[in-house]
Every structure is written in structure tokens, then in C-alpha cells.
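A short write-up of the structure that comes next.
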Amino acid sequence: MISFILKSEPFSWKAHEGLRLAAASGITNDTNVIFTGDGIYAITKWHPEALGIASFEKMLEQMGMLNVTFYAESSCIESRGLKTFDFVIEPKIISSEEVKDIISRSKAVLLW
């Protein structure tokens, strides 16, 4: 199992590259993508096209058909005042302790 932790804001190149590599990983591996910190905004309905940035929505939808599981850290959702209807996908909402458990069980962890 490979885990990608996306903590960078969606405007950064890190968010784009992290998701691109997670999609590639999901073709042949069980892959987790954990949205935490400002990375949580990558799965919201934030309309990046208005800023000339490519949307993640289609990529996230396609990744859902691969061996990719999406997680969102509950404390990051709550501290930003987000609700599940703000998301373009339905991640599994997990606690910080559950994030630690996923990380400890992963063969590789990539932080973006």
C-alpha cells in the first residue's frame, strides 16, 4: 500500500504533481490519498478555472475507478468550516489517529 499525503494548497504545483503520481500509482498498487491541512481544498468546489488553473474534479473522478481510496482528516474539515456537500468527491472522513494508522501500515508515504 502506498499513501500520498496532500497538505499543500491546490494552487501549488505540489497538489497537481501529488495527484498525478497518485493516479499513476493507483493503476498497479493499492493507493491512499489523504487530504489534510490546506490540501483539503483540493477536493472542494473551488472553481479553479476562473483563475486559469486546471480543475481536479475529472482527475479525482477517474482516480476513483482505480485502486485509490480518498481520505480527509476530520480536524482539517472542521477547522476550515467545510461540510461534506462542499466536496466534489466523497472521501472517507477519518481522525488524526486513523491517519497515523494508515501511514504506519503503508510501504511508502509521499508528502505533497
Side-chain angles (χ1 to χ4, degrees):
M1 171 172 52
I2 300 173
S3 293
F4 289 78
I5 301 173
L6 190 64
K7 67 176 195 153
S8 298
E9 74 282 347
F11 306 110
S12 75
W13 65 270
K14 291 179 182 182
H16 291 268
E17 285 301 303
L19 287 173
R20 188 180 66 80
L21 291 173
S25 173
I27 294 170
T28 57
N29 300 287
D30 288 330
T31 302
N32 298 314
V33 179
I34 302 168
F35 297 94
T36 187
D38 286 340
I40 201 79
Y41 291 118
I43 58 174
T44 62
K45 301 172 185 170
W46 60 289
H47 305 291
E49 304 85 8
L51 301 171
I53 300 172
S55 172
F56 297 130
E57 191 168 351
K58 188 170 216 86
M59 182 190 321
L60 292 166
E61 183 181 307
Q62 292 170 345
M63 288 171 69
M65 293 183 264
L66 302 171
N67 296 319
V68 177
T69 304
F70 298 112
Y71 296 96
E73 189 174 2
S74 59
S75 63
C76 296
I77 294 169
E78 292 166 13
S79 68
R80 287 161 178 80
L82 297 171
K83 305 291 183 216
T84 54
F85 60 79
D86 293 321
F87 299 136
V88 295
I89 59 167
E90 291 185 39
K92 294 180 182 180
I93 298 173
I94 59 174
S95 69
S96 298
E97 289 301 315
E98 290 169 301
V99 170
K100 290 177 192 176
D101 181 56
I102 291 170
I103 289 170
S104 70
R105 292 185 289 115
S106 297
K107 291 185 178 182
V109 178
L110 293 99
L111 183 64
W112 293 91

Task: Hydrophobic cluster identity match, L6 and I89, side-chain contacts under 4.5 Å - done: yes
TODO: For S8, check side chain to side chain donor-acceptor pair (under 3.5 Å) against everything at least two apart and list the hits.
DONE: none
Task: For S95, all residues meeting side chain to side chain donor-acceptor pair (under 3.5 Å), sequence neighbours excluded - done: E98
Task: ring pair (Phe, Tyr, Trp, His ring centres under 6.0 Å) contacts touching residues 59-106 (sequence neighbours left out) - done: none
Task: Sequence-distant partners of F56, ring pair (Phe, Tyr, Trp, His ring centres under 6.0 Å), two or more places apart - done: H16
Task: By side chain to side chain contact (heavy atoms under 4.5 Å, CB included) - contacts of L21 (at least two apart) - done: F4, W112
List the atom pairs, with distances to 0.1 Å, where a side-chain N or O of residues 37-44 and a protein N or O form a donor-acceptor pair under 3.5 Å, not counting sequence neighbours.
{"unit_1": "D38", "atom_1": "OD1", "unit_2": "R80", "atom_2": "NE", "d": "3.3"}
{"unit_1": "D38", "atom_1": "OD1", "unit_2": "R80", "atom_2": "NH2", "d": "3.0"}
{"unit_1": "T44", "atom_1": "OG1", "unit_2": "Y41", "atom_2": "O", "d": "2.7"}

Open item on the list: Under the rule for side chain to side chain contact (heavy atoms under 4.5 Å, CB included), what residues qualify as partners of D101, not counting sequence neighbours?
Closed with: S104, R105
Open item on the list: If hydrophobic clusters are built from ILVMFWY residues whose side chains come within less than 4.5 Å, do L19 and W46 share one?
Closed with: yes
Task: Within residues 5-29 or reaching into it, pairs that qualify as salt bridge (charged side-chain N to carboxylate O under 4.0 Å, His left out) - sequence neighbours excluded - done: E17-R20
Task: From CD1 (I77) to OG1 (T84), nearest 0.5 Å - done: 8.5 Å
Task: Stepwise side chain to side chain contact (heavy atoms under 4.5 Å, CB included) check, M63 with V33 - done: CA-CA 10 Å; M63 288 171 69; V33 179; 4.1 Å; yes
Task: L66 versus A23, closest heavy-atom pair with distance - done: CD1-O, 3.4 Å
Task: Q62: partners by side chain to side chain contact (heavy atoms under 4.5 Å, CB included), with sequence neighbours left out - done: K58, M65
Open item on the list: Let me check something: do I34 and V88 share a hydrophobic cluster, defined by ILVMFWY side-chain heavy atoms less than 4.5 Å apart, either directly or through other members?
Closed with: no
- [ ] Go through the structure and list residues passing side chain to side chain donor-acceptor pair (under 3.5 Å) with T31, not counting sequence neighbours.
- [x] S25
Open item on the list: Tell me which one of L111, I5, N32 satisfies side-chain contact (heavy atoms from CB on, under 4.5 Å) with I103.
Closed with: I5
- [ ] Establish whether V68 and M59 are linked, either directly or via other cluster members, by ILVMFWY side-chain heavy-atom contacts under 4.5 Å.
- [x] yes
Task: I94 CD1 to S75 OG distance, which is reported to the nearest 0.5 Å - done: 10.0 Å
Task: Those residues that, when tested against S96, pass side chain to side chain donor-acceptor pair (under 3.5 Å) (two or more places apart) - done: E73
Task: With D86 via side chain to side chain contact (heavy atoms under 4.5 Å, CB included) - residues at least two apart - done: L82, K83
